[in-house]
Visitor: 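Sharing a structure below in structure tokens format, with a few things to ask.
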There are 2 protein chains.
Amino acid sequence: MSSRNMTRAAFFVLTALADQPRHGYGILREVEELSDGEVQLRVGTLYGVLDRLTDDGLIVLDREEVQQGRLRRYYRLTDEGVAALDAEAERMAAGAGAAKRRIAEGRRATAPADTAPRPPTAPGLAGGFA
Amino acid sequence: MSSRNMTRAAFFVLTALADQPRHGYGILREVEELSDGEVQLRVGTLYGVLDRLTDDGLIVLDREEVQQGRLRRYYRLTDEGVAALDAEAERMAAGAGAAKRRIAEGRRATAPADTAPRPPTAPGLAGGFA
DNA sequence: CCAGAATATCTCGGCTTCCGATATATATCG
DNA sequence: CGATATATATCGGAAGCCGAGATATTCTGG
């Protein structure tokens with residue numbers, strides 16, 4: 001899809017980083033938590049996303065730490081990253097709203113008349129099956 | 001991404017069909033219109049999506065018409081399709097809300113310290129979305 | 001003490017999905 | 001008469017997702 005398309009994975013990585021810098025594994029856990037367990041960002045997905053977001057200038061490597069013998073590589077949002085996330089959130093909210101509104105409209109249209117006898121829309125021809 | 005992931009293209013096709021049945025080309029135009037020109041569903045994307053949604057039982061072929069010498073193949077949402085779209089809209093709204101909230105938290109945390117001391121009451125962020 | 005889980009990094013290959021290009025056909029507008 | 005709009009559909013390259021595996025340390029339960 002077009003229109004400055006941001007992938008879902010990228011969106012959730014940015015969201016996880018929106019309040020504070022985090023390292024890869026932390027992002028994984030945070031995405032699961034912030035989505036109430038609904039979204040599970042996979043390890044195999046993460047690093048590709050991190051690389052792409054870095055290339056696009058939406059995140060930067062903040063710092064590296066060694067905690068209890070384990071390396072932690074922290075990333076943080078750039079100003080551009082914040083702006084991109086904000087714009088994407090706006091688009092998603094708009095899309096969700098549009099869907100909800102249309103579902104309501106559809107319900108109204110299809111509404112009560114259950115056994116609606118097929119209106120005689122003469123298809124003319126559809127010459128399919130023999 | 002996991003968690004019964006629906007692609008963006010699929011989401012917008014379902015949204016375009018939510019109020020009434022439409023044919024392929026009509027979906028293309030409707031998606032552009034309902035998204036205010038923000039989202040452009042591509043022709044090369046459409047038919048694959050339509051096939052997948054049909055296989056998944058979220059849409060069905062409603063009817064075929066010949067208008068002005070041109071074939072029109074109308075699709076419509078199934079009950080399952082409506083439910084799937086509704087659930088996805090819910091997830092998107094939640095995701096958008098989470099992102100917005102976190103951006104606000106991040107701004108507070110990264111606060112430019114020197115600039116005007118933030119008045120206690122947060123500015124407009126009425127929780128939800130539009 | 002040792003096995004297994006958790007924490008932490010990263011790569012590879014297969015599969016799915018996206019989309020530009022292309023093909024076909026009719027109708028309309030300048 | 002050529003361009004644009006309407007309308008269908010396919011193909012192949014590119015991008016993206018994710019299961020699986022590699023590597024290494026620490027924590028926990030039995």
Side-chain angles (χ1 to χ4, degrees), chain A residues 1-14 16-17 21-33 35 38-56 58-59 61-75 88 123-128, chain B residues 1-14 16-17 21-33 35 38-56 58-59 61-75 88:
Chain A
M1 302 240 24
S2 76
S3 143
R4 280 313 115 213
N5 108 53
M6 172 184 300
T7 69
R8 241 192 246 303
F11 172 77
F12 280 107
V13 168
L14 293 182
L17 293 176
R22 288 175 202 279
H23 57 100
Y25 195 80
I27 294 173
L28 250 29
R29 280 190 280 97
E30 186 63 16
V31 166
E32 183 151 18
E33 198 181 300
S35 72
E38 290 260 321
V39 180
Q40 278 174 277
L41 182 62
R42 308 300 170 141
V43 192
T45 306
L46 178 67
Y47 295 98
V49 173
L50 249 20
D51 288 345
R52 259 174 280 137
L53 288 175
T54 300
D55 287 346
D56 293 347
L58 303 188
I59 63 174
L61 182 61
D62 188 62
R63 66 189 190 277
E64 287 178 347
E65 277 178 16
V66 178
Q67 293 262 326
Q68 294 159 302
R70 296 190 202 92
L71 174 66
R72 286 179 174 179
R73 189 158 284 156
Y74 286 81
Y75 292 87
E88 181 66 12
L125 53 108
Chain B
M1 301 240 26
S2 75
S3 145
R4 278 315 114 208
N5 107 55
M6 172 185 299
T7 69
R8 239 192 246 301
F11 171 78
F12 279 107
V13 168
L14 293 182
L17 293 176
R22 287 175 203 278
H23 57 99
Y25 195 80
I27 294 172
L28 250 29
R29 280 189 281 98
E30 186 63 17
V31 167
E32 182 152 17
E33 198 181 300
S35 73
E38 291 262 319
V39 180
Q40 279 175 277
L41 182 62
R42 308 299 172 143
V43 192
T45 306
L46 178 67
Y47 295 98
V49 172
L50 249 20
D51 289 345
R52 259 172 278 139
L53 289 175
T54 300
D55 287 346
D56 293 347
L58 303 189
I59 63 175
L61 182 60
D62 187 62
R63 68 188 189 278
E64 289 179 346
E65 278 179 16
V66 177
Q67 291 262 328
Q68 293 161 304
R70 296 189 201 93
L71 175 67
R72 285 180 175 178
R73 190 159 283 155
Y74 286 80
Y75 292 88
E88 181 65 14

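Sequence lines set the chain letters: A, B, ... in the order given, protein chains first and strands last, and positions in each chain run from 1.
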Visitor: Ignoring backbone atoms, test whether A:Arg29 places a side-chain nitrogen or oxygen under 4.0 Å from the OP1 or OP2 oxygen of C:dA8.
Guide: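 Checking A:Arg29 against C:dA8: at least one side-chain N or O falls below 4.0 Å of OP1 or OP2.
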
Visitor: How many Å lie between CG on A:Leu53 and P on D:dA15, as a whole number?
Guide: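 The distance from CG of A:Leu53 to P of D:dA15 comes to 16 Å, rounded to the nearest Å.
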
Visitor: Are any protein N/O atoms closer than 3.5 Å to N/O atoms in nucleotides 10-16 of chain C? If there are, list each pair with its distance.
Guide:
{"unit_1": "C:dC10", "atom_1": "OP1", "unit_2": "A:Arg73", "atom_2": "NH1", "d": "2.1"}

Visitor: Taking the side chain as everything from C-beta on, heavy atoms only, tell me whether A:Leu17 gets closer than 4.5 Å to A:Leu53.
Guide: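 They are not in side-chain contact.
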
Visitor: Check the distance between D:dC27's P and A:Tyr25's OH and give it to me in whole angstrom.
Guide: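 Spelled out: OH on A:Tyr25 to P on D:dC27 is 14 Å.
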
Visitor: To the side chain of A:Arg72, which of C:dC18, C:dG20, C:dT7 is closest?
Guide: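 Taking heavy atoms from C-beta onward, the closest nucleotide is C:dT7.
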
Visitor: Can you tell me the distance, in whole Å, between the CD atom of A:Gln40 and the C1' atom of D:dC18?
Guide: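 To the nearest whole Å, that distance equals 12 Å.
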
Visitor: Going 5' to 3' through nucleotides 25-30 of chain C, assign each nucleotide B (protein heavy atom under 4.0 Å from a base atom), S (under 4.0 Å only from sugar-phosphate atoms) or - (no protein heavy atom that close).
Guide: -BS---

Visitor: Can you tell whether the side chains of A:Glu88 and B:Arg8 come within less than 4.0 Å, N to carboxylate O?
Guide: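 Salt bridge flag = yes for B:Arg8 with A:Glu88.
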
Visitor: Atom CZ of B:Arg8 and atom P of D:dG16: how far apart are they, to the nearest Å?
Guide: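 That distance rounds to 12 Å.
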
Visitor: Within a reach of under 6.0 Å around CD of B:Gln67, are more than 12 heavy atoms found that belong to other residues, nucleotides or ligands?
Guide: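 Yes, the 6.0 Å shell around CD holds more than 12 heavy atoms from other groups.
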
Visitor: For A:Val31, is there any backbone N or O sitting under 3.5 Å from a side-chain donor or acceptor partner on A:Ser35?
Guide: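 Yes, the answer is positive, given that a donor and an acceptor are paired below the 3.5 Å cut-off.
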
Visitor: Separation of B:Phe11 atom CZ from C:dT17 atom P, in whole Å?
Guide: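 Answer to the nearest Å: 17 Å.
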
Visitor: So do A:Thr54 and A:Leu61 actually touch side chain to side chain, heavy atoms under 4.5 Å?
Guide: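 SC-SC contact between A:Leu61 and A:Thr54 ruled out.
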
Visitor: State, to 0.1 Å, how close B:Gly24 and B:Leu46 come at their nearest heavy-atom pair, and which atoms those are.
Guide: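 Answer, listing the atom of B:Gly24 first, then B:Leu46: O-CD2, 3.5 Å.
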
Visitor: Within this structure, what is the CG-to-P distance between B:Asn5 and D:dC17, rounded to whole angstrom?
Guide: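 Those two atoms, CG and P, are 9 Å apart.
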
Visitor: Would you indicate whether the side-chain heavy atoms of B:Phe12 and B:Leu41 approach each other to under 4.5 Å?
Guide: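 Not touching, per the 4.5 Å side-chain cut-off.
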
Visitor: Return the nearest nucleotide to the side chain of B:Arg42; candidates are C:dC19, C:dA8, D:dA5.
Guide: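 Of C:dC19, C:dA8, D:dA5, C:dC19 is nearest to the side chain of B:Arg42.
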
Visitor: I want to check something: taking the side chain as every heavy atom from C-beta on, are A:Asp62 and A:Tyr75 in contact at a cut-off of under 4.5 Å?
Guide: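 A side-chain contact is absent here, since even the closest heavy-atom pair is not under 4.5 Å.
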
Visitor: Got a sec: does the CD of A:Glu65 have more than 12 other heavy atoms crowding it under 6.0 Å?
Guide: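 Count over threshold, so yes.
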
Visitor: From CG of B:Leu41 over to C1' of C:dG20, roughly how many Å is that when rounded to an integer?
Guide: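 So the two atoms are 14 Å apart, to the nearest Å.
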
Visitor: Take A:Gln67 and B:His23, find for each the nucleotide of DNA chain D with the closest heavy atom, and name the residue whose nucleotide sits nearer the 5' end.
Guide: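 Whichever sits nearer the 5' end wins; that is B:His23.
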
Visitor: A:Glu30 has an atom CD; how far is it from atom P of C:dA8, in whole Å?
Guide: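 To the nearest whole Å, that distance equals 13 Å.
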
